Structures are given as structure tokens and as C-alpha cells.
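A short worksheet on the structure shown next.
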There are 2 protein chains.
Amino acid sequence: MSGKEIRRSMPLFPIGTVMQLTELSARQIRYYEEHQLISPARTEGNRRLFSLNDIDRLLEIKDLIDQGINMAGIKQLLLVKEQQSNIQEAHTEKAKRELTDEQLRTLLRNELMHLGRMNRSSLRQGDLSRFFH
Amino acid sequence: MSGKEIRRSMPLFPIGTVMQLTELSARQIRYYEEHQLISPARTEGNRRLFSLNDIDRLLEIKDLIDQGINMAGIKQLLLVKEQQSNIQEAHTEKAKRELTDEQLRTLLRNELMHLGRMNRSSLRQGDLSRFFH
DNA sequence: ATTAAATGTTAGGAAATCTTACATGAAATT
DNA sequence: AATTTCATGTAAGATTTCCTAACATTTAAT
């Protein structure tokens, strides 16, 4: 688990890139941070640096905004979904440890088909995974 | 082919991020561009923006430099390896189209094990794929 | 009609990056 | 041994991008 998470939480992108990737304005992104929906890292010089996780989250936020949900609602939803996916991830891990070879083959195929995002929250359309691999 | 390539060639990273990811100095990175080993995109305001492919390439360059190869040599090597991987990619594509289900299962499992980078140039140690997925 | 929430816009300042030029150390060449 | 070349460091001055803070605007709820 830690490997994948470390990479996806690595601060890489300046706000300009994130604007393009998410089609959100700088104002919106900063506003969402102000309301603690995201907490991007900072450079030494105080510039925001966003991770893949941050961008994923922003795309989710955008979706929820489109559905008319306000900051408070989104905050709660993101919290719940985070817990959910943690739980599910734990289950998945456990399941994997107990699989036979045959079952593993099937699982791997499925994971590949779903672009390795099987166990993440998924009601949003525009997923960042489309940008990589 | 185009899908994966479009994503990996998308300009996303400022030079500061690339410096950290590659442990190269700005001077080095610009020097390599000057010698046409890479050609990162530019923002409207003329700032360099690097893609995953660019970063991969820089890691390769770093390796080759460590092996004592000079700019001219590296340029040629990168050219050859690019052609090579293009050819191999074509072969891989063709092979995939001709596979049976059973063979496909095995292939998919192997690809997964190799983190989907099977057919790329591979004599360098520090591959960018460790940062993603 | 008023208020609140989300976003736009502007201003002034600071950080990151740009190009260009010169400096330096190590290798190669003469 | 002296000179040249290659790869990199460093510095200066200009430009771009991003920062915060404040005020403006729009839309929806009261």
C-alpha cells in the first residue's frame, strides 16, 4: 500500500498546470483549500505544489459542485469516501493474501481492465488516470 | 498506441520539479536541451514544461553521462533506442492482435508484473514509473 | 429585499524561471 | 606543458507565474 500512496501523494504540479488539468480557476482552487477540501504542499517559497491525489480530489470536488453540493457537504462526503476506500483497500489487501493462483489471474486481469483504479472512489467522470500509463 | 503516448507526452512539470525528480541542475537540463537531447514544451510566457517522456529521457541521459558518454554519443544512442522501441512496439501490437485468450491472460499478467513498461528502453536504473501507479 | 456562498478581478509583492555572459575544473589535443 | 574543448557552475537583469488581501459581482436561499 505505502508505495503507491507515496507516489500519488508526491507534490509535483504548480497551480497553472492544475488549472489546465481540472479546468478550475486559481481562485476556485484556493477557495477550496481555504475550506480545507484539499491541502496541497508548498515550496520553500510558498508556492503551492499539487499531487496526483490532490488533482483527483479536485476533479471529485468539481463533480460535487456541479451536483449543487456546498463546501460543507463536499467536505463531509470526501471524508466518508476516504474512510470507505481505506476500509475497502484493507479488505482488498486481505483478500489478495488469501487467493489461489487461478483466482489471482482473474483478479489481475480485472485490475488491468479497470486501469488499476478498482478500489478508489468512483462516482466522478473525469478521472486523472486518463493522463497516465 | 496514441492514447498512452498522448498522456506521457503531455507537458506538466516546471523545471524545479524536474530538478528534484532527476537530481539534475537547471544548468544541466538546459544544456541538454541546447544540444537537442530533449525538447520540452513552453508556456505562453516561455517557461519550460516537461512531460513524463521528457523526464524519462533525462533519467536515461543521466545514466549515459555517468557512463562517460558525451552529448554526441547520447544523441545518437537516444535516436537508435527510440527507433528500436518504435519497432518493438509495432511488433507487440501485431502480436497482441493475434493472441488467443489463454495467451492474453499470461501476457496481461506479465505486463502487470513489469508495471506496464515492458517494451520501453531499459538499461537505466532510475525509472520514472516508480513515481506513478 | 437582504444575506450568504461561490467566483471574478485587481493590485502590489515575492518567487521561479528565462537568457546571456563569464568562470572553472577536468579531459583531450597539440 | 600549454591550449583547447566539454560539461557545469554562477551571477545579473528581465519576465512570468504565483502569492495574499481586498473589493466586486452573481446566483441562490431566506
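As a basis for the values below, the full set of heavy atoms in this structure was taken, side chains included, without hydrogen atoms, waters or symmetry mates. Remember, it's a predicted structure, so these values are computed and weren't measured experimentally.
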Problem set entry | Greater than 12 external heavy atoms within 6.0 Å of B/Glu44's CD | no
Can you confirm whether [X] sits close enough to [Y] that some side-chain heavy atom of one is under 4.5 Å from a side-chain heavy atom of the other?
X       : Y       : result
B/Arg48 : B/Val18 : no
A/Gln28 : A/Lys62 : no
A/Ile38 : A/Ile29 : yes
B/Gln76 : B/Leu79 : yes

Exercise. Think A/Thr43 has a side-chain N or O under 4.0 angstrom from the OP1 or OP2 of C/dA15?
Worked result: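 Answer is no, no contact under 4.0 Å.
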Separation of [X] atom [atom1] from [N] atom [atom2], in whole Å?
X       : N      : atom1 : atom2 : value
B/Arg48 : D/dT16 : CZ    : P     : 15 Å
B/Leu49 : D/dT17 : CG    : C1'   : 11 Å
A/Arg27 : D/dC23 : CZ    : C1'   : 10 Å
A/Asp66 : D/dT27 : CG    : C1'   : 15 Å
A/Ile65 : D/dT27 : CD1   : C1'   : 13 Å
B/Phe50 : C/dA16 : CZ    : C1'   : 13 Å
A/Phe13 : C/dA16 : CZ    : P     : 18 Å
A/Met71 : C/dA5  : CE    : P     : 11 Å

For the side chain of [X], counting heavy atoms from C-beta on, which of [options] is nearest?
X       : options               : value
A/Ile15 : D/dC19, D/dT8, C/dT7  : D/dC19
A/Pro14 : D/dC18, D/dC19, D/dA7 : D/dC18
B/Arg42 : C/dC18, C/dT9, C/dA15 : C/dC18

Problem set entry | 5′-ward residue of the pair B/Gly45/A/Gly45 relative to DNA chain C |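 First, find each residue's nearest nucleotide; the 5'-ward one identifies A/Gly45.
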Problem set entry | Residues touching DNA chain D, which here means a heavy atom under 4.0 Å, drawn from residues 28-39 of chain A | A/Arg30
For this session: Classify the side chain of A/Arg47 versus the base of C/dA16 as yes if they form a donor-acceptor pair under 3.5 Å and no if they do not.
Result: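 No.
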Problem set entry | Short N-O contact, A/Glu89 and A/Lys94, less than 4.0 angstrom |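 The answer is no: the pair does not qualify as a salt bridge.
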For this session: Please check if A/Leu49 and B/Phe50 belong to a single hydrophobic cluster, counting links between Ile, Leu, Val, Met, Phe, Trp and Tyr side chain heavy atoms closer than 4.5 Å.
Result: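 A/Leu49 and B/Phe50: separate clusters.
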